[in-house]
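Heads up, the thing below is written out as structure tokens.
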Amino acid sequence: MIRDDIKAALVTAMKARDASTTATIRLVQAAIKNRDIELRTSSATIDDDALVSEVLQKMVKQRRESIDMFTKGGRTELAATEQTEVDVIETFLPQMLSEEETRAAIESIKAEIGASGVKDMGKVMAELKSRHAGTLDMSKASGLVKAALA
């Protein structure tokens, strides 16, 4: 499980006295804990690894946006700090599907549900998310689905 990997990495980073990695892993744990608290009131059950992957992907996306803003603003030291955090967070993410694998998954789902146009994009995206939630960047997949259905 990803949670166990995160806990083990925290212990390793603490023993190595790696302050930046320790701080980043603690941020990850706090974000996961917040997501757990949010889900206490909902009745939906989500696979634990999918939940953790979703949180990690969101954190990476936020940091990449920050890197862009810091770079545009000339704050390279802050961008470097954010990039270090991205590198640590990405070590816990499962291997993402390549663009070719994503296109193949989209085509199989498209054929399976008989999607013919852009009006079926929601159905294809929902099925894609249910099957490949933890191993797929949904923002990139959205563009690929739109192109496949156009």
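If you're wondering where the values come from, they're calculated on a predicted model, not measured in any experiment. Keep in mind that the numbers below use all heavy atoms, side chains included, and drop hydrogens, waters and symmetry copies. Here, residue 1 is the first one in the sequence, and each next residue gets the next number.
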Looking only at non-hydrogen atoms, find the nearest pair between [X] and [Y] and report the distance.
X	Y	value
I67	A79	CG1-O, 3.8 Å
A141	I106	O-CD1, 4.1 Å
M96	E101	O-OE1, 4.4 Å
E107	A148	OE2-CB, 3.7 Å
S53	L93	O-CD2, 3.8 Å

Taking side chain as C-beta onward, heavy atoms only, is [X] less than 4.5 Å from [Y]?
X	Y	result
K110	L128	no
K33	I37	yes
E85	E82	yes
S20	T81	no
V28	L10	no
L27	I89	no
F92	I25	yes
M125	K129	no

Say you draw a straight line from [atom1] of [X] to [atom2] of [Y]; how long is it, rounded to the nearest 0.5 Å?
X	Y	atom1	atom2	result
I113	D120	CD1	CG	7.0 Å
K58	Q62	NZ	CD	6.0 Å
D18	T12	CG	OG1	10.5 Å
M1	I6	CE	CD1	10.0 Å

Quiz item: Under 6.0 Å from the CD atom of E100, do we count more than 12 heavy atoms belonging to anything else shown?
Solution: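 No, CD of E100 has 12 or fewer neighbouring heavy atoms, counting only those of other groups under 6.0 Å.
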Quiz item: Taking it one step at a time, do R75 and E77 satisfy salt bridge (Lys or Arg N to Asp or Glu O under 4.0 Å)?
Solution: CA-CA 6 Å; R75 301 295 306 267; E77 70 281 355; 2.8 Å; yes
Exercise. State plainly whether the residues D87 and R63 are in salt-bridge range, i.e. N to O under 4.0 Å.
Key: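 The answer is no: the pair does not qualify as a salt bridge.
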Quiz item: Hey, is K140 close enough to E99 for a salt bridge, meaning N to O under 4.0 Å?
Solution: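 No salt bridge links K140 with E99.
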Quiz item: Same cluster or not: are V88 and M14 linked, directly or through other Ile, Leu, Val, Met, Phe, Trp or Tyr residues, by side-chain heavy atoms under 4.5 angstrom apart?
Solution: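 Yes; M14 is reachable from V88 via cluster members.
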Counting only N and O atoms by type, is there a donor-acceptor contact under 3.5 Å from the side chain of [X] to the main-chain atoms of [Y]?
X	Y	value
E127	V124	no
D49	I2	yes
S108	A105	yes

